[in-house]
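So the structure is just underneath, and the comments pick up after that.
Being a predicted model, the structure only gives us computed values, none of them experimental. For the numbers below, each heavy atom of this structure counts, side chains included, while hydrogens, waters and symmetry mates do not. Chain identifiers are assigned alphabetically (A, B, ...) following the order of the sequence lines, protein sequences preceding nucleic acid strands; residue numbering begins at 1 within each chain.
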Amino acid sequence: MRLSAYFLPLLKENPSEAQIVSHRLMLRAGMIRQSSAGIYSWLPLGFRVLKKVEQIVREEQDRSGAQEVLMPTIQPADLWRESGRYDDYGKEMLRIRDRHERDMLYGPTNEEQITDIFRGALKSYRDLPKNLYHIQWKFRDEVRPRFGVMRGREFLMKDAYSFDLDAKGAKHSYNKMFVAYLRTFARMGLKAIPMRAETGPIGGDLSHEFIILAETGESAVYCDKAWLETDILKAADGLDFDSDLEPFFRQWTSLYAATDDMHDPAKCPLPAEQLVTARGIEVGHIFFFGTKYSKPMNAVVAGPKGESVPVEMGSYGIGVSRLVGAIIEASHDERGIIWPEAVAPFRVGLVNLRAGDAACVAAADALYTRLRSAGVETLYDDRDESPGGKFATMDLIGLPWQLVIGPRGLAAGTVELKSRRTGERQEVSSEAALAKLTGE
RNA sequence: CGGGGCGUAGCUCAGCCUGGUAGAGCGCGAGUUUUGGGAGCUCGAAGCCGGAGGUUCGAAUCCUCUCGCCCCGACCA
């Protein structure tokens with residue numbers, strides 16, 4: 001993509017409404033625009049990141065055996081009256097009335113909807129287990145939205161729902177999601193730590209929050225140092241989702257990890273040098289809640305002996321849009337965003353420092369063509385701007401690699417390849433740069 | 001939902017206290033000189049001063065109401 005043609009409304013100054021760093025950077029980097037409190041439009045750069053995050057979530061859900069569906073944003077109130085939550089949910093639920101005066105709502109979550117789908121289709125224990133998920137916009141009318149997309153009213157969420165015949169099966173479904181979550185966040189370059197959690201309005205008796213560490217996190221968290229030193233992806237790699245995951249689950253939940261309200265320094269089992277104190281952002285939450293919805297909503301299957309059995313359920317959420325902000329919170333510096341490669345909107349920022357210079361244009365154009373044909377996502381800054389402005393732009397939007405073409409280097413037969421993360425710059429030949437960027 | 005703050009040009013803000021009819025920097029457009037870390041100069045465009053009502057000869061400025069946004073707290077993917 002040529003930057004001269006790209007819709008990228010950058011802000012040089014900090015918008016006054018943005019308080020935390022991810023919100024500021026997302027606005028400054030032209031990723032989002034606020035529509036109203038807690039509701040945002042996603043502009044091209046931000047949308048690319050959102051899609052990448054979504055895709056990683058999708059791939060890991062699929063890997064675990066969950067199947068993707070898409071449920072509506074608008075739901076009938078009657079479904080929620082069945083579970084009893086229509087009255088329980090309170091003002092956070094956006095209630096709507098259609099032209100026939102029917103009570104509707106903009107879904108804050110989908111337990112009722114999925115249970116309705118399940119009970120209408122599956123009738124036998126032979127149909128179990130099942131895990132269905134979707135990635136859909138939700139709305140929770142937060143009293144006080146803040147922190148940009150981290151705490152919006154409208155947000156993109158992956159929510160999965162598992163159905164099993166008995167508690168043992170349901171625990172296995174829970175464990176599968178547990179593993180999938182560890183993998184998902186690790187792939188995004190995040191260290192997400194599962195912490196035993198309260199179940200809140202979803203209900204149930206087993207629940208874990210996945211918390212990533214970031215200096216600007218909302219709450220204080222405490223965990224075993226071993227968390228930081230482990231390669232989660234490696235540990236979870238090659239795990240067979242059909243095998244017994246309980247040992248893995250036990251291993252990973254045995255490491256100490258607690259949120260502020262659960263942590264008691266007097267009772268902490270860890271020696272001080274083994275304890276990490278940090279701040280955390282919740283990016284995922286998994287629940288096992290048994291028959292909380294299946295019973296009142298009559299989601300039953302015929303058991304092996306013909307008896308009627310309410311299914312054992314769990315639900316599993318990941319805040320997809322929140323993750324975009326959370327990743328920035330976890331990965332930035334004073335100059336701007338530092339995207340992990342897996343979610344970067346473009347892999348390479350190609351910079352022509354001298355837009356009016358024929359040799360520079362020719363060299364940069366040639367590199368752009370080669371990168372594109374190699375399938376490397378490249379944002380090509382072909383604008384006629386001062387060098388300083390171009391560097392600042394690239395650092396702000398945080399693409400992993402900057403490939404800089406200027407008259408100075410060209411005279412020496414080199415281009416400059418800079419890593420956004422480390423700041424390391426190397427003067428290399430065009431071919432060496434291409435090999436580096438396309439070879440991996 | 002309690003407490004606080006702010007709405008003036010695309011962005012950051014000054015002007016308001018003490019009423020006299022709109023300003024700066026950045027950005028934007030034109031020209032020119034520049035060109036390896038947010039360039040210089042010249043010229044220019046751009047604002048029902050959030051909205052409604054009131055006081056006044058006169059309101060961005062004072063009063064009332066209203067809408068929006070932000071912050072602190074309680075609550076959440």
Do [X] and [Y] have ring centres separated by under 6.0 Å?
X      : Y      : value
A/W227 : A/W252 : yes
A/F118 : A/Y293 : no
A/H285 : A/F210 : no
A/F147 : A/H23  : no

Touch check for [X], heavy atoms < 4.0 angstrom, all strands: base, sugar-phosphate only, or nothing?
X      : result
A/R335 : base
A/N14  : sugar-phosphate
A/R153 : nothing
A/S36  : sugar-phosphate
A/G152 : base
A/L11  : nothing
A/V283 : sugar-phosphate
A/G409 : base

ask   = Does A/Q75 offer a backbone N or O that forms a donor-acceptor pair with the side chain of A/E112 under 3.5 Å?
value = no
ask   = Hey, does the side chain of A/Y161 reach the backbone of A/N110 with a donor-acceptor pair shorter than 3.5 angstrom?
value =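 Side chain of A/Y161 to backbone of A/N110: a pair is present.
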ask   = So does A/E416 reach the base of B/G36 with its side chain, donor to acceptor, closer than 3.5 Å?
value =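 Yes, a donor-acceptor pair under 3.5 Å.
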inquiry  = Whether the side chain of A/E13 and the base of B/G27 hold a donor-acceptor pair under 3.5 Å is what I'd like checked.
reply    =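 By the distance-only test, no, there is no pair.
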Counting only side-chain N and O atoms of [X], is one of them less than 4.0 Å from OP1 or OP2 of [N]?
X      : N     : answer
A/R144 : B/C72 : yes
A/K12  : B/G27 : yes
A/S386 : B/G38 : no
A/K91  : B/C1  : yes
A/Q34  : B/C70 : yes

Please determine, for [N], whether a Watson-Crick or G-U wobble partner exists with both distances under 3.5 Å, and give it or none.
N     : result
B/C43 : B/G29
B/G73 : B/C1
B/U34 : none
B/C6  : B/G68
B/C13 : B/G23

key: side chain to side chain donor-acceptor pair (under 3.5 Å) partners of A/D224, counting only residues at least two apart   =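 Partners of A/D224 by the side chain to side chain donor-acceptor pair (under 3.5 Å) criterion, ordered by chain and then number, come out as A/Q274.
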When the [atom1] atoms of [N] and [M] are considered, how many whole Å apart are they?
N     : M     : atom1 : answer
B/G25 : B/G31 : C1'   : 22 Å
B/U42 : B/C49 : P     : 31 Å
B/A60 : B/A52 : P     : 12 Å
B/A59 : B/U18 : C1'   : 14 Å
B/U66 : B/G3  : P     : 15 Å
B/G51 : B/G37 : C1'   : 45 Å
B/U8  : B/G47 : C1'   : 8 Å
B/A77 : B/G4  : C1'   : 29 Å

Rounded to the Å, how far apart are [X] [atom1] and [N] [atom2]?
X      : N     : atom1 : atom2 : answer
A/E385 : B/G36 : CD    : C1'   : 15 Å
A/R383 : B/A39 : CZ    : C1'   : 15 Å
A/M150 : B/C71 : CE    : P     : 12 Å
A/D384 : B/G29 : CG    : P     : 11 Å
A/H285 : B/C75 : NE2   : P     : 15 Å
A/H23  : B/C11 : NE2   : P     : 13 Å
A/Q19  : B/C69 : CD    : C1'   : 12 Å
A/L27  : B/C70 : CG    : P     : 11 Å

Choose from [options] the nucleotide whose nearest atom is closest to any side-chain atom of [X].
X      : options             : result
A/E427 : B/C76, B/G36, B/G37 : B/G36
A/F155 : B/C70, B/G36, B/A77 : B/A77
A/R151 : B/G37, B/A77, B/C71 : B/A77
A/E17  : B/C76, B/U12, B/G37 : B/U12

Pairwise 5' ranking along RNA chain B for A/F147 and A/E282, keeping only the more 5' one = A/F147
ask   = Toward the 5' end of RNA chain B, which comes first, A/E218 or A/R425, by nearest nucleotide?
value = A/R425
key: Verify stack between A/F391 ring and B/G38 base, 5.5 Å, 30 degrees   = no
inquiry  = Can you classify the ring geometry of A/W42 versus A/W137 as parallel (below 30°), tilted (30 to 60°) or perpendicular (above 60°)?
reply    = tilted
ask   = Hey, is A/K91 close enough to A/D141 for a salt bridge, meaning N to O under 4.0 Å?
value =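 A/D141 and A/K91: not salt-bridged.
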